[in-house]
Amino acid sequence: MSEAHTQTREFHERIDAALHNDQLRQNFRSALTGIMARRAEQFPDDVQLQALREQARMVRANALVKQPQLLEQLEAKLTENGIQVHWAENPEQANQIIYDILHAADAKTVVKGKSMVSEETELNHYLEKRGLTVIESDLGEYIIQLAKEPPSHIVAPAIHKNRREVAGLFKTFHPEIPYTEDIDTLTQSTREILRTRFAHADAGISGVNFAVAETGTLCLVENEGNGRLSTTAPRVHIAITGIEKVVEKLSDVPPLLEILTKSATGQPITTYFNMISRPRQPGELDGPEAVHLVLLDNGRSRIRVDHELLDTLRCIRCGACINHCPVYVQLGGHAYGTVYPGPIGLALEPQRIGIDKVGTLTSACTMCGACGEVCPVKIPLPKLINRLRAEAVNGERSAAPISGRGSLRKSGEAGAWKVWQWLYRHPGLYRLFKLAATRLRFLTPPSLGAWTRYRSAPRPAARSLHELARREGFRHE
Amino acid sequence: MSDNKKHILGRLRSNRLHAAAAPEVYAKSLDWDQERRIAEFTERMQAVRGEVHRLKADQWPDWVKQELPKRELRQVLIGHGPVADTFAAAATDDIALKRYERPIEDWKDTLFDEIDVALTGTLGGLAESGSLVLWPDANEPRLMSLIPPVHIALLRADRLFDNFARLIASENWASRMPTNALLISGPSKTADIEQTLAYGIHGPKTLITLIIE
C-alpha cells in the first residue's frame, strides 16, 4: 500500500477512535462553546471588527511582501541591541543550534514558555535525549508534559482534559499533594511546584508572537507570567520562531495584539504583554545576560512562492478557526496527527510536510466557511483547503511548489470525472445518459462503499429537472 | 550557519511579491478626558480582579502603611527612585523593607520565598484595555512586578493614555525601546483547566493599582 493511502487509513482510524470517545467529545464541546461566546462578546460592533481585521490583514500582508529585507533589518537591529540571531532551515538545525547554545552556557535545566514552533522541531525530546531537563511552565503544557501527550490545541494545549483527568495526573506525579479536583487548588499547587524550578533553571526557552524589525523587539503574549519568568529569571534566554513572524514597525503591533487576544480567548488584552529588546545591560539587576533568537524556515519560504497559498503565512496563531470548526469540535486535536490541527492545520500542514504525507487531512472539512469568517487576518481558509484538495488529486505538471502533488489521485475516481466531463460536453449523449439514469434508476447498486456504511444509497429521481421544468411550463430553463 | 541565512533569504528574494498597500498607522482616537480614562481603566482592571484605589499624592504612603498589616504583608520589596524613597521615609518599624540592590543571582531564594509584596511606580496606563505600562530598569528591576505574590503599582492619573497605539505614537517608542517594556493587565491568571479562570498561577495573585491624583 502506498504511503498516500496509508495516511488515509490511519487518519480514518484516529477519527474513529475520537468519535467513539464520549468523554473527549464532551470536553471539547463544553470548552469550545464557552470560547466562541467570549470571542463574540469582544466584537459587539461588526463594522469595527471588519475594520480591525482589514488593518491586521494589511499589516501581515505588508510584512510578507517585505519579508527578506525585514528579516535582515530585524537581524541587524537585534544584533545592535546585543541579541544573537541564528538561522535554521529545518527542525534538526534549530534543535542543534539551541543545544549548542545551552551546552556552551553549561545549562542543565531549562524552563520553557509555550511555543508551537518548538513542537514543530520536537525540541523537548531532542534536549532530553541529550541529558537536559526540560520543564514546560505553562499550566496546560505542564499537564500534557506529565501525560506525555502533544498539545491538542495551539492556544489551550490541555483542552482535551477535564479536571478529574488533571487531578489523576497530579496524584500520580505529585503524590505529596492531597488529591483534589478543585481547579483553584490545582492551580496553586502548580505555582508551588514550578516556582523552585524557575528559581534554579539555567536557561529559558520561549516562542515569539511578533518580532519587530524597526526596533529589534521580541513580543510575547501571555496570561500566566511563565513567559516572563522563562525570559527573565534564568541567565540565558533562547527564543525560537518561524521566519513569518516578523512585522515592519512598532506601530503594527497594537492592532495585531488587540485582534489576537480578542480572537483567541475573548479577552480585551492578556495579563502580560512582554516586549524584549536587549539582554541585561550594565547596572541592571535581573534579566538574562544572553538572549538568542532562532529563526526557523521549515518550509515557510517555499509556501511563499505560490501567490494563493502564501496567505497561509499571515496566520498569527490565535486558534479562532480551530474553535469554530464543526469538525474539530467532534474530533479534538490529536486525531489530526499533526502539530497544527483544525482549519489552519488543514491549510498549513500539507504544504509544510507534503500532501503525500498528510494531504488526506483536507478531507476533514465541510466547507462551511466558519473559519474564514472568524480569521483575524482574513486568511481565505476554505479556499486554500479546496485548492489543496485539488492539488492532492491533480495529475498535471505545474510549477506549484507543493510536495506530493497528485499523490492522492485514484485512477477510478479520475476516470469517472473524465467520463462525466465528456458526457457534459456532448448534449446528445448527455440527454441519453439522463434518460437512462432516470428510467433505469432501479438499477442503482444498493452498496456504494463508505457512503452506504451508515446511509442508504441515493437513487436518481424518476424525472430530470429539465423534464419537470418543461412540464411546469418554463420555456427557457 | 551563515549558509542557512543565505539560502533562506535567497529563496525569499527569488520570488518577489506584488507590493501590498502599506498599512496605515493604527491610532483609534477615543479622545477621552482624564475622568473618563480613569473610569475605563478601573472598569477593565476590576473585571480581571485587579484592585484600583484613587488617592491624593500625599495620601498614598499612609494608605499603604495601613493596608499592609491588614493583609498580613510584612516583607516589602522596594527599588530606588522617588516611589521607593517616599515610602522608605514614611515607613514605620513594623514594616520590613527590603531594597532590590543586588543582582538577582545573589538573593534569588529570598526573592522567591520571602518577599510578600513589591511596590513600584509605572510609566503610565492604558484606559481602553486597563493596562499598566512599565519600563523596568536598574531602579525598579523586571522581577519586582512578577515574583512577589502581591504587587502594588502607583499610576499617575495624568499618565493615563487612551490606548496602546496612542501611547506608542505620542511618546515615540519606536526610537527608544528599553531592555524590557511591559503591559500588565491584572493579576496572573490561567484558564488551562476546563477553560475555568484561576488567578495567581505564576505571577502576582493580587495586583493593586493606586491612581495618584
Side-chain angles (χ1 to χ4, degrees), chain A residues 31 34-35 55 58-59 61-62 64-65 67-68 71 86-89 93 97 139-140 156 158 162-163 166 183-184 186-187 190-191 195 199 214-215 217 223-226 228-229 232 243 250-252 254-255 268-269 271-278 281 283-287 297 301 304-305, chain B residues 1 4-5 7-9 11-13 15 17-26 44 48 100 102-104 108-109 112 129-131 137-138 141-143 146 163-165 168-169 173-174 177-196 198 200-203:
Chain A
I35 297 181
Q55 179 81 28
M58 280 164 67
V59 166
N62 172 66
L64 288 174
V65 169
Q67 197 180 11
L71 285 170
H86 312 262
W87 302 71
E89 295 241 42
Q93 286 178 359
I97 290 166
L139 174 58
N162 64 24
R163 69 184 78 192
V166 176
I183 290 174
D184 271 321
L186 287 167
T187 303
T190 312
R191 179 186 176 97
R195 228 170 145 72
E214 178 182 32
T215 55
T217 302
N223 279 311
E224 296 190 2
N226 67 310
R228 282 187 65 198
L229 268 162
T232 314
I243 53 170
L250 194 65
S251 60
D252 290 338
I269 192 166
T271 301
Y272 300 114
F273 185 58
N274 182 7
M275 310 176 85
I276 298 163
S277 302
R278 280 180 197 82
Q281 298 297 294
E284 291 178 355
L285 302 175
D286 58 20
D297 184 331
S301 57
R304 188 170 167 278
V305 171
Chain B
M1 291 288 177
N4 295 346
K5 176 186 173 186
H7 293 151
I8 293 169
L9 289 177
R11 280 196 299 276
L12 294 175
R13 286 223 177 79
N15 101 89
L17 303 185
H18 304 298
E24 290 157 33
V25 173
Y26 178 79
R44 288 278 133 258
V48 289
Y100 201 142
R102 282 180 296 145
I104 176 64
K108 230 174 202 176
D109 287 336
F112 273 77
S129 54
S131 313
D137 57 11
R142 293 159 75 167
L143 291 173
L146 188 60
N163 58 30
F164 193 28
I168 285 178
W173 277 30
M177 284 298 275
T179 303
N180 184 221
L182 291 168
L183 305 185
I184 301 179
S185 312
S188 150
K189 64 183 185 294
T190 182
D192 274 348
I193 305 177
E194 292 190 9
Q195 294 297 300
T196 304
I201 168 73
H202 294 303

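So that the names make sense, note that chain A is the first sequence line, chain B the second, and so on, each numbered from 1.
- Ranked by heavy-atom pairs under 4.5 Å with chain B, the first of L186(A), T190(A), L229(A) is L229(A).
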_Set out, in order, the CA-CA distance, both residues' side-chain angles and the distance that settles side-chain contact (heavy atoms from CB on, under 4.5 Å) for Y272(A) and S188(B), then state yes or no._
CA-CA 8 Å; Y272(A) 300 114; S188(B) 150; 3.7 Å; yes
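- Under the ring pair (Phe, Tyr, Trp, His ring centres under 6.0 Å) criterion, Y100(B) pairs with W107(B), sequence neighbours left out.
- Contacts between L182(B) and chain A at a heavy-atom distance below 4.5 Å involve backbone atoms as well as side-chain atoms.
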Item to check | Stepwise side-chain contact (heavy atoms from CB on, under 4.5 Å) check, R142(B) with I276(A) | outcome: CA-CA 11 Å; R142(B) 293 159 75 167; I276(A) 298 163; 4.1 Å; yes
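- Contacts between S301(A) and chain B at a heavy-atom distance below 4.5 Å involve backbone atoms as well as side-chain atoms.
- Interface remark: of the candidates L250(A), T271(A), V65(A), N62(A), T271(A) forms the most heavy-atom pairs closer than 4.5 Å to chain B.
- E214(A) meets the side chain to side chain donor-acceptor pair (under 3.5 Å) test with no other residue; sequence neighbours excluded.
- Most heavy-atom pairs under 4.5 Å with chain A: of the set I104(B), L9(B), N15(B), this distinction falls to N15(B).
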Report the C-alpha distance between N180(B) and E284(A) in whole Å, list the side-chain angles of each, state the deciding distance to 0.1 Å, and finish with yes or no for side-chain contact (heavy atoms from CB on, under 4.5 Å). CA-CA 11 Å; N180(B) 184 221; E284(A) 291 178 355; over 6 Å; no
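- Contacts between K189(B) and chain A at a heavy-atom distance below 4.5 Å involve backbone atoms as well as side-chain atoms.
- Heavy-atom pairs under 4.5 Å with chain A were tallied for D137(B), V48(B), L146(B); the largest tally goes to L146(B).
- For L71(A), the part sitting under 4.5 Å from any heavy atom of chain B is the side chain, from C-beta outward, and nothing else.
- Ranking D286(A), I269(A), N223(A) against chain B, the residue ahead of the rest is D286(A), based on heavy-atom pairs under 4.5 Å.
- The contact between V59(A) and chain B is made by backbone and side chain atoms together, counting heavy-atom distances below 4.5 Å.
- With R191(A) contributing its side chain and G200(B) its backbone, the two residues share a donor-acceptor pair below 3.5 Å.
- Interface remark: of the candidates G140(A), G283(A), P68(A), A158(A), P68(A) forms the most heavy-atom pairs closer than 4.5 Å to chain B.
- Across all their heavy atoms, S277(A) and P178(B) have their closest contact at CB-O, 3.4 Å.
- Of the listed residues (T215(A), L64(A), D184(A), T232(A)), the greatest number of heavy-atom pairs within a distance under 4.5 Å of chain B belongs to T232(A).
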field: E89(A)/R11(B) under salt bridge (charged side-chain N to carboxylate O under 4.0 Å, His left out): CA gap, chis, key distance, verdict
entry: CA-CA 11 Å; E89(A) 295 241 42; R11(B) 280 196 299 276; 2.5 Å; yes
